[in-house]
Amino acid sequence: MGRRYDGRVFETPRKRVLLAKPRGYCAGVDRAVQTVEEALKLYGAPIYVRKEIVHNKHVVSTLQAKGAIFVEENFEVPEGATVIFSAHGVAPEVHDQARERNLKAIDATCPLVTKVHHEARRFAAEDYDILLIGHEGHEEVIGTSGEAPRHIQLVDGPDGVDKVTVRDPEKVVWLSQTTLSVDETMETVARLKEKLPLLQSPPSDDICYATQNRQQVMKQIAPDCDVVLVVGSRNSSNSVRMVEVAVQAGARQGHLIDFAHEIDPAWLEGATTVGLSSGASVPEELVIEVLARLAELGFADVEEVLTVQERLTFSLPQELKRDMKAATA
């Protein structure tokens, strides 16, 4: 409670945190991280990982401490060693390179990304032009494009539509990166259909369930938030998109942070409601640390907002499961 200058009592605004759920690890990330951990236990360190296994600083540094060595390309891996391919997927030529170097390759590609790869191969085999909606240079886009490079052209958001040319407007289909903004992707598709009325859609939605779920709960809480914090790394596409979604949905501010100590108290001046979520490659311990820091700054009242329960899980890669079974036989 407080007191006005004229003596009347007023209610001090309640400071609170709206904690989004679902948040954090998706099934594909959980599988990829577990793949590295189990490989370290089974084969021993070092285990080589091509690219970041998932896009999160904390996860990468934690696995490095356990004996994982992250490399950019296969030629950095000693011949005959074990290499794990990241959750974002790789082009076929990367598998070929691994075989040439006699590497033991374990593919931790998210099954939802693998689904997009299958779609790309199928439509290419039927001689379709494939319009891949995604961000240039993203590892997932590079991997998918490698499945059918002569058939795929990248469309980087709505502004990329004007550059699209196709051989036959009756044989063209769109696919997408799995971690995009749902709304922006649909805007891109709408503009593509204005240009190409016979454009076909993928058999099922390419944007992953976890990306959609995290964006949906963000849309629900953002209008009530003075500030939204998303825990995630800057190279995490789905984390970056969540901040954009929050601001577009009505949050006055949105900030992407890797760790609790990055919170600037100035962001919270005058705020009564802080929204909090985390990207699909973020462990829950980082969210807990952010909640503790927010409590220190006066935001100790936490209300979890749940939109949907996530129960999907993926089994470990077959090549790893086979070796684990043999080791216990």
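Both backbone and side-chain heavy atoms feed into the values below; hydrogens, waters and symmetry mates do not.
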Open item on the list: Using the side-chain contact (heavy atoms from CB on, under 4.5 Å) criterion, which residues pair with Lys193? Sequence neighbours excluded.
Closed with: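 Per chain and number, Lys193 pairs via side-chain contact (heavy atoms from CB on, under 4.5 Å) with Val189, Leu199, Ser201.
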Open item on the list: Tell me every residue that passes side-chain contact (heavy atoms from CB on, under 4.5 Å) with Glu244, counting only those two or more places apart in sequence or in another chain.
Closed with: Val240, Arg241, Gln248
Atom [atom1] in [X], atom [atom2] in [Y]: separation rounded to 0.5 Å?
{"X": "Tyr25", "Y": "Glu284", "atom1": "OH", "atom2": "CD", "value": "11.0 Å"}
{"X": "Ile130", "Y": "Trp174", "atom1": "CD1", "atom2": "CH2", "value": "13.0 Å"}
{"X": "Thr179", "Y": "Leu112", "atom1": "OG1", "atom2": "CG", "value": "11.5 Å"}
{"X": "Leu198", "Y": "Lys171", "atom1": "CG", "atom2": "NZ", "value": "13.0 Å"}
{"X": "Gln153", "Y": "Ser145", "atom1": "CD", "atom2": "OG", "value": "10.5 Å"}
{"X": "Leu316", "Y": "Thr35", "atom1": "CG", "atom2": "OG1", "value": "5.0 Å"}

Salt bridge (Lys or Arg N to Asp or Glu O under 4.0 Å) with [X]: which residues, sequence neighbours excluded?
{"X": "Asp107", "result": "none"}
{"X": "Glu119", "result": "Lys115"}
{"X": "Asp224", "result": "none"}
{"X": "Asp156", "result": "none"}

So which pairs with a foot in [range] pass salt bridge (charged side-chain N to carboxylate O under 4.0 Å, His left out), sequence neighbours left out?
{"range": "residues 265-280", "result": "none"}
{"range": "residues 128-148", "result": "Arg121-Glu147, Asp129-Arg167"}
{"range": "residues 300-311", "result": "Arg14-Asp301, Arg16-Glu303, Arg23-Glu304, Arg214-Glu310"}
{"range": "residues 312-329", "result": "Lys104-Asp323"}

So, do [X] and [Y] sit near enough that their side-chain heavy atoms are less than 4.5 Å apart?
{"X": "Leu196", "Y": "Val164", "answer": "yes"}
{"X": "Ile106", "Y": "Tyr43", "answer": "yes"}
{"X": "Leu268", "Y": "Leu294", "answer": "yes"}

I need the minimum non-hydrogen distance between [X] and [Y], along with the two atoms involved.
{"X": "Arg191", "Y": "Asp162", "result": "NH2-OD1, 3.9 Å"}
{"X": "Gly279", "Y": "Val230", "result": "N-CG1, 4.3 Å"}
{"X": "Ser277", "Y": "Pro22", "result": "OG-O, 4.3 Å"}
{"X": "Arg293", "Y": "Pro265", "result": "NH2-CG, 4.1 Å"}
{"X": "Arg101", "Y": "Asn74", "result": "NE-O, 3.3 Å"}

TODO: Identify which one of Val60, Val54, Leu63, Leu320 satisfies the side chain to side chain contact (heavy atoms under 4.5 Å, CB included) criterion when paired with Val36.
DONE: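 With Val36 as partner, side chain to side chain contact (heavy atoms under 4.5 Å, CB included) holds for just one option, Leu63.
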Task: Sequence neighbours excluded, every pair satisfying ring-ring contact (aromatic ring centres under 6.0 Å, His included) that has a member inside residues 217-255 - done: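 Output for this query lists His255-Trp267.
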Task: Residues, nucleotides or ligands: over 12 heavy atoms within 6.0 Å of Glu170 CD - done: no
Open item on the list: Are more than 12 heavy atoms, taken from residues, nucleotides or ligands other than Lys219, located less than 6.0 Å from that residue's NZ atom?
Closed with: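 More than 12 heavy atoms, drawn from other residues, nucleotides or ligands, come within 6.0 Å of this atom.
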Would you be so kind as to tabulate the donor-acceptor pairs closer than 3.5 Å made by side chains of residues 75-87, with sequence neighbours excluded?
residue: Glu76; atom: OE2; partner: Glu72; partner atom: N; Å: 3.0
residue: Glu76; atom: OE2; partner: Glu73; partner atom: N; Å: 3.0
residue: Ser86; atom: OG; partner: His88; partner atom: N; Å: 3.3
residue: Ser86; atom: OG; partner: His88; partner atom: ND1; Å: 3.3

- [ ] Carefully, step by step, assess Asn56 and Leu286 under the rule side-chain contact (heavy atoms from CB on, under 4.5 Å).
- [x] CA-CA 11 Å; Asn56 184 264; Leu286 297 185; 4.3 Å; yes
Open item on the list: Any carboxylate oxygen within less than 4.0 angstrom of a Lys/Arg side-chain nitrogen, looking at Lys41 and Glu37?
Closed with: no
TODO: For Thr307 and Asn213, test the side chains for any donor-to-acceptor distance below 3.5 angstrom and give the result as yes or no.
DONE: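 Judged by distance alone, the side chains do not pair up.
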Task: Donor-acceptor pair between Asp258 and Ser233 side chains, under 3.5 angstrom - done: yes
- [ ] Output, in order, the C-alpha distance, side-chain angles, deciding distance and verdict of side-chain contact (heavy atoms from CB on, under 4.5 Å) for Thr62 and Lys66.
- [x] CA-CA 7 Å; Thr62 300; Lys66 294 179 179 180; 4.2 Å; yes
Open item on the list: Using side-chain contact (heavy atoms from CB on, under 4.5 Å), reason through His135 and Leu180 one step at a time and then give a plain yes or no.
Closed with: CA-CA 9 Å; His135 296 303; Leu180 299 178; 3.5 Å; yes
